[in-house]
Amino acid sequence: MSVLKVFFYGTGHWSQKYFENITSKFSDKIEILTIITKNTKFRHPFFNVEFSLNEAIKKFNIPDGFIICTNPKNNISILENIIKYKKPILIEKPILLPYQKNLNTISLLFKNNQFKNITVNHSHFFHKHFIEIFYKLRNYKSYDLKIIDGNFGPYRNISPIIDWGPHSLGIVSFFLNNKDKYSVIKVRKMNYIDQNKFNTYIKIVSDDNKRIFRILLGNNFQNKKRTILFKNNYIEKKFDLLNSKNKKVKTLECLLEHFYQQSLSKSQNTLFDTYSIALYSTKMIKDLLSRL
């Protein structure tokens, strides 16, 4: 079995989840050659640590792939440095922040087919039950899709629309084929405490007004809730990420397996295109923030 040798960007809480999974469940498939960080005080008891890409390449040569799980404000500069190597990339969302000025630059970089091997962790798309239910439903021409996605926290130094938005709006982007035109009918803050703690109700419709998306997201819910309801004249389907059946699916494990299998594939064909989902949903978030 071929082992994918990667450079890993990131040292935070979610990075630790990656380290645990790779060490315990993917040690025969994925090897972290080094962790790259700007934090010169950081050390890891098991993995090598480097403080620049150049130093990492001097020591290990160009790796088989890259995993990026760091502050999203750093993602564009990291991508611009590693894309030239044409290696598989796994990156956490948001792939970039909506206010970063070079959003168009990164869009242009991704238009070339050589970047089809970029995988973005839009976690719903690595959940087999979600795909089983919703993959074919987007072919309907008319429907109402309701999404509730939020929790009591976490509280970060960014708008909860940027933090929680990629989950819900990634799904909307998928249903809009990552390209269809839409109109924002309503954006309303709810349960507002301050600029980094509130919920948002959003209504979006397709240009023909036949596909309607109603979303409630944020970090000021009483309890965590993550549901999706699809309904039209013919069918009604619901997905609850938190029910016992769906909680058994470990999306991070599914993501790492997908990333590994994609690294072995020459065709790079997938059921869904997560980098287009990431870019389109980021543009939607930018549009929503401008309306608040």
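Taking the six-membered ring where the residue is Trp, F230 and Y140 present tilted rings, their angle falling between 30° and 60°. Ring geometry, F42 versus H44: the interplanar angle falls from 30° to 60°, so the pair is classed tilted.
Closest of all the heavy-atom pairs between L176 and F213 is CD2-CE1, 3.9 Å. Taking both residues in full, the closest heavy atoms of P160 and G218 are given as CB-CA, 4.3 Å, listed atom of the first, atom of the second, then distance. Taking all atoms of both residues into account, the shortest heavy-atom contact from H124 to F239 is CD2-CE2, 4.0 Å. Closest non-hydrogen pair, N75 versus P94, comes out as ND2-O, 3.1 Å. The two residues I285 and G165 make their nearest non-hydrogen contact at CD1-C, 4.0 Å. Summarising the geometry of K87 relative to I62, their closest heavy-atom pair is CE-CG2, 4.0 Å, with the distance given to 0.1 Å.
The side-chain heavy atoms of L79 and I95, taken from C-beta on, include a pair separated by under 4.5 Å. Residues T200 and L216 fail the side-chain proximity criterion, which asks for heavy atoms closer than 4.5 Å. Residues I204 and M284 have side chains in contact (heavy-atom distance under 4.5 Å, counting atoms from C-beta outward). Here the side chains of K29 and V3 are not in contact, with every heavy-atom distance at 4.5 Å or above. Side-chain contact check for L255 versus S123: every heavy-atom pair is 4.5 Å or farther apart.
Side-chain atoms of D208 and S206 include a donor-acceptor pair closer than 3.5 Å. Side chains of N191 and N199: a donor on one and an acceptor on the other come within 3.5 Å. No side-chain donor from either of E92 and Y9 sits under 3.5 Å from a side-chain acceptor of the other. Between N178 and S276, the side chains place no donor N or O within less than 3.5 Å of an acceptor N or O (distance only, hydrogens not considered). Between the side chains of E257 and Q261, at least one donor N or O lies within less than 3.5 Å of an accepting N or O.
Panel note: side chain N71, backbone N74; no donor-acceptor pair is recorded below 3.5 Å. Under a 3.5 Å cut-off, the side chain of S173 and the backbone N or O of S281 do form a donor-acceptor pair. With R43 contributing its side chain and T40 its backbone, the two residues share a donor-acceptor pair below 3.5 Å. A side-chain donor-acceptor contact under 3.5 Å links T34 to the backbone of N48. A donor-acceptor contact shorter than 3.5 Å links the side chain of T274 to the backbone of V120. D194 places a side-chain N or O within 3.5 Å of a backbone atom of K197 that can act as its donor or acceptor partner. Side chain of R138 to backbone of F174: a donor-acceptor contact under 3.5 angstrom is found. N209 places no side-chain N or O within 3.5 Å of a backbone atom of V205 that could act as its donor or acceptor partner. Here the side chain of E50 pairs no donor or acceptor atom with the backbone of I35 at under 3.5 angstrom. A donor-acceptor pair is defined here as one N or O able to donate and one able to accept, closer than 3.5 Å; no such pair exists between the side chain of N220 and the backbone of I193.
Taking 4.0 Å as the cut-off between side-chain N and carboxylate O, D64 and K5 do not count as a salt-bridged pair. Under the 4.0 Å criterion applied to side-chain N and carboxylate O atoms, D287 and R291 are assigned as salt-bridge partners. Look at D144 and K231 and you find no salt bridge, because none of the NZ, NE, NH1 or NH2 atoms lies under 4.0 Å from a carboxylate O. The pair K225-D240 does not count as a salt bridge, with every side-chain nitrogen at least 4.0 angstrom from each carboxylate oxygen.
Considering OG of S168 and CG of L217, their distance stands at 5.0 Å, rounded to 0.5 Å. Atom NZ of K59 and atom CG of L33 lie 11.0 Å apart (nearest 0.5 Å). In this structure, K283 NZ and L96 CG are separated by 10.0 Å, a value rounded to the nearest 0.5 Å. Once rounded to the nearest 0.5 Å, the distance linking CD1 of I89 with OG1 of T119 reads 9.5 Å. Atoms CD1 and CG, on I161 and L169 in that order, are 8.5 Å from each other to the nearest 0.5 Å. The CZ atom of F152 lies 3.5 Å from the OH atom of Y155; values are rounded to the nearest 0.5 Å.
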Walk me through it: do I82 and F7 pass the test side chain to side chain contact (heavy atoms under 4.5 Å, CB included)? CA-CA 10 Å; I82 66 177; F7 288 176; over 6 Å; no

Could you walk me through whether N121 and W14 pass side chain to side chain contact (heavy atoms under 4.5 Å, CB included), step by step? CA-CA 12 Å; N121 185 15; W14 192 242; 4.1 Å; yes

Apply side chain to side chain contact (heavy atoms under 4.5 Å, CB included) to residues F66 and L90 and explain how you reach the verdict. CA-CA 6 Å; F66 300 86; L90 169 56; over 6 Å; no

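Under the 4.5 Å side-chain heavy-atom criterion for Ile, Leu, Val, Met, Phe, Trp and Tyr, F130 and L137 are members of the same hydrophobic cluster. I68 and I83 fall within the same hydrophobic cluster, where Ile, Leu, Val, Met, Phe, Trp and Tyr residues are linked whenever their side-chain heavy atoms come under 4.5 Å apart, directly or through other members.
Within a 6.0 Å radius of NZ in K237, no more than 12 heavy atoms belonging to other residues, nucleotides or ligands are found. Remark: K146 NZ is loosely packed, at most 12 non-hydrogen atoms of other residues, nucleotides or ligands lying under 6.0 Å away.
Ring-centre distance between F134 and F125: not below the 6.0 Å cut-off.
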